[in-house]
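Input: a single structure, listed below in structure tokens.
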Amino acid sequence: MEHNDWMDGPNPEPEQEIDDIIRSARQDFQGGGAQRGPVDPLQLRHQDVYADLGSDEEEAEPPEPEYRDSGIGRGWKVLIYTLLVLTFSVLLALFGWYCADDVLALTKSDRVVSVTISEQDDASVIASRLHQKGLVRYPWLFRFYCWFSHAEEKIDAGTYELNNLYDYHALVNGMRGNTNRATDTVTIPEGYDCAQIFALLEERGVCAEAELYEAAANTPFDYDFLKGVPYGEKNRLEGYLFPDTYEFYISNDVKAVPGERAEQVLVKFLDNYEKRFDGNLREGIDELNGKLREKMTAEGFTAEEIEAAMMDENKIVIVASLIEKESAAVSESDTIASVIYNRLCSKNYPLLEIDASVLYALGEHKESLTSQDLMVDSPYNTRRYPGLPAGPIANPGLGSIRAALYPEDTDYYFYALGTDGKHHFSETYQEHEQFLESADYAG
């Protein structure tokens with residue numbers, strides 16, 4: 001068998017040759033590309049392959065340049081930042097303190113102011129009004145408090161006396177119902193009629209006239225002395241609004257916010273009347289009727305006429321109102337009462353002829369009456385219609401009520417005011433005429 005010469009020598013292992021090439025390429029990479037001896041083409045080929053594989057790791061991006069502040073610049077920044085934080089903290093603390101002071105009234109002065117709240121006012125309007133009065137510093141904060149605590153639902157219309165020392169909670173409680181509502185005393189003079197009383201009450205901020213008239217005419221007050229008094233007339237309570245000094249809740253504008261409800265105002269008068277015209281006075285009615293019965297019998301009145309003329313509480317109040325308006329002084333009230341009863345028990349003088357009743361019928365207060373005035377067609381005109389007027393013409397005081405129950409026993413039928421400011425009484429028409437013609441008549 002014939003052999004080739006190149007195969008006779010030792011035959012190197014292929015795997016060993018590849019390992020040598022890879023080792024050589026790795027040394028070239030690690031050695032910065034320096035070559036040792038002649039480069040084998042196969043080795044170069046492997047080197048190129050591995051160079052491509054390691055290019056991502058070899059080409060690193062150059063680092064960014066560092067910028068450094070000097071020590072002085074960095075210190076100013078820290079100082080400014082610290083000052084800003086401290087300033088903000090102080091302002092926040094001050095704001096919190098002022099808000100807390102407003103809510104809790106920590107440093108407010110002792111001062112009372114009057115505040116009126118109407119039915120239409122909401123939390124915003126109330127907060128603004130309290131701010132105007134100096135009771136709250138921040139209206140928005142009070143509005144938030146009202147929203148948070150549902151305080152708007154607790155506040156009632158009215159006029160209130162509120163202290164600057166009140167915190168928010170106390171302010172809200174101070175505007176609830178009758179708590180801290182402004183009050184005032186009002187004195188009703190004896191002899192004032194309903195129109196005068198109602199006008200005075202509106203003027204003093206207690207209640208509007210219109211509401212008082214409406215309540216007086218139509219409210220079903222539960223009192224025995226009002227039984228039989230018809231509804232509907234604005235002067236229905238005439239005679240029973242007892243004149244005295246009262247304390248009422250008041251308002252700066254009664255037409256917008258009543259200081260007190262009309263019914264409550266009138267109840268105060270009626271309760272006082274019921275207390276003053278007590279059982280002892282009512283016992284006097286029977287005693288008076290006994291005397292009147294005796295007089296009318298002597299004058300020739302029939303039993304039916306006498307029975308119809310007997311007095312009850314309502315008639316006593318009517319007589320008392322006439323006495324109140326006609327008396328120039330308390331000392332003559334009993335004598336004025338005697339003239340009234342003498343005429344009621346007389347067939348010769350059936351008309352009382354009291355000018356105060358004419359004025360009431362006219363509905364105005366005049367210094368003098370004309371002949372036309374004296375003939376006004378009204379059941380209150382005692383110059384035209386016999387007997388008592390249709391109802392009281394004023395609200396009498398206790399003195400006039402007593403005089404109506406216990407009149408003086410006289411034979412007077414006439415009286416007229418003298419220049420001395422007192423009434424002069426006469427038994428006959430002739431005596432009366434003589435006085436009217438004298439210089440002593442005040443005319």
Side-chain angles (χ1 to χ4, degrees), residues 228 235 238-239 285-327 332-363 368-394 396 400-401 403-417 423-437 441:
N235 63 342
E238 194 78 83
I285 298 177
D286 292 337
E287 182 181 344
L288 174 65
N289 281 335
K291 294 178 180 179
L292 296 180
R293 189 183 300 274
E294 184 179 341
K295 278 190 176 185
M296 295 184 74
T297 300
E299 284 286 327
F301 285 91
T302 66
E304 290 78 10
E305 289 173 328
I306 294 173
E307 194 61 34
M310 290 297 97
M311 304 297 290
D312 57 20
E313 186 172 342
N314 181 257
K315 290 181 180 180
I316 291 295
V317 173
I318 294 175
V319 172
S321 71
L322 296 173
I323 296 170
E324 190 71 64
K325 298 300 291 185
E326 290 290 288
S327 299
E332 63 183 37
S333 296
D334 296 349
T335 311
I336 294 286
S338 72
V339 174
I340 293 173
Y341 286 120
N342 286 343
R343 288 210 170 207
L344 290 175
C345 296
S346 170
K347 286 185 173 292
N348 295 325
Y349 302 106
L351 297 175
L352 293 179
E353 297 184 305
I354 295 176
D355 289 347
S357 69
V358 179
L359 288 170
Y360 190 83
L362 293 172
S368 60
L369 295 170
T370 65
S371 57
Q372 185 177 359
D373 291 336
L374 296 176
M375 294 307 296
V376 61
D377 188 8
S378 169
Y380 286 91
N381 186 357
T382 58
R383 281 186 172 269
R384 183 167 180 174
Y385 294 97
L388 293 173
I393 65 171
S400 295
I401 293 175
L405 287 167
Y406 306 103
E408 187 179 353
D409 187 9
T410 72
D411 292 326
Y412 295 135
Y413 288 90
F414 304 92
Y415 59 83
L417 188 64
H423 282 104
H424 292 254
F425 298 88
S426 304
E427 294 183 3
T428 66
Y429 180 73
Q430 288 76 17
E431 291 177 7
H432 180 60
E433 282 293 314
Q434 289 176 2
F435 177 76
L436 295 179
E437 293 172 1
Y441 175 53

Over all heavy atoms of both residues, which pair between [X] and [Y] is shortest? Give the atoms and the distance, please.
X      : Y      : value
Glu299 : Ser346 : OE1-CA, 4.1 Å
Asn381 : Ala361 : N-CB, 4.4 Å
Ser357 : Ile393 : N-CD1, 4.0 Å
Ser338 : Pro407 : N-CB, 4.0 Å
Lys347 : Gly300 : CE-O, 3.6 Å
Gly387 : Thr382 : O-CG2, 4.2 Å

Worksheet, complete the sentence: Tested for side chain to side chain donor-acceptor pair (under 3.5 Å) against Tyr429, the lone hit among Glu433, Glu427, His432 is Glu433

Side chain of [X], backbone of [Y]: donor and acceptor closer than 3.5 Å?
X      : Y      : result
Lys295 : Asn342 : no
Arg343 : Tyr413 : yes
Ser400 : Ser321 : no
Tyr341 : Ala404 : yes
Asn289 : Asp286 : no

Let me confirm one number: the [atom1]-[atom2] distance from [X] to [Y], rounded to the nearest 0.5 Å.
X      : Y      : atom1 : atom2 : result
Glu287 : Leu405 : CD    : CG    : 9.0 Å
Ile340 : Leu322 : CD1   : CG    : 5.0 Å
Asp373 : Leu359 : CG    : CG    : 8.0 Å
Leu417 : Tyr441 : CG    : OH    : 8.0 Å
Met311 : Lys291 : CE    : NZ    : 13.5 Å
Glu431 : Phe425 : CD    : CZ    : 13.0 Å

Item to complete: Please determine which of Phe435, Tyr415, Tyr412 meets the side-chain contact (heavy atoms from CB on, under 4.5 Å) test together with His424.
Response: Phe435

Worksheet item: Val358 versus Val376: any side-chain heavy-atom pair under 4.5 Å?
Response: yes

Worksheet item: Does Asp409 CG have over 12 foreign heavy atoms under 6.0 Å away?
Response: no

Worksheet item: In terms of heavy-atom contacts, does CD of Glu305 have more than 12 from other residues, nucleotides or ligands at under 6.0 Å?
Response: yes

Worksheet item: Does the side chain to side chain donor-acceptor pair (under 3.5 Å) test come out yes or no for Thr335 and Glu408, once each step is laid out?
Response: CA-CA 5 Å; Thr335 311; Glu408 187 179 353; 2.5 Å; yes

Fill in: Test log, rule salt bridge (charged side-chain N to carboxylate O under 4.0 Å, His left out), inputs Asp355 and Arg383
CA-CA 8 Å; Asp355 289 347; Arg383 281 186 172 269; 2.6 Å; yes

Discussion item. With no hydrogens and no angle check, just 3.5 Å: does a side-chain donor-acceptor pair link Asn235 and Tyr360?
Written reply: yes

Worksheet item: How are the rings of Tyr349 and Phe414 set relative to one another: parallel (under 30°), tilted (30 to 60°) or perpendicular (over 60°)?
Response: perpendicular

Practice prompt. Step by step, work out the side chain to side chain contact (heavy atoms under 4.5 Å, CB included) result for Asp334 and Thr410.
Written response: CA-CA 10 Å; Asp334 296 349; Thr410 72; over 6 Å; no

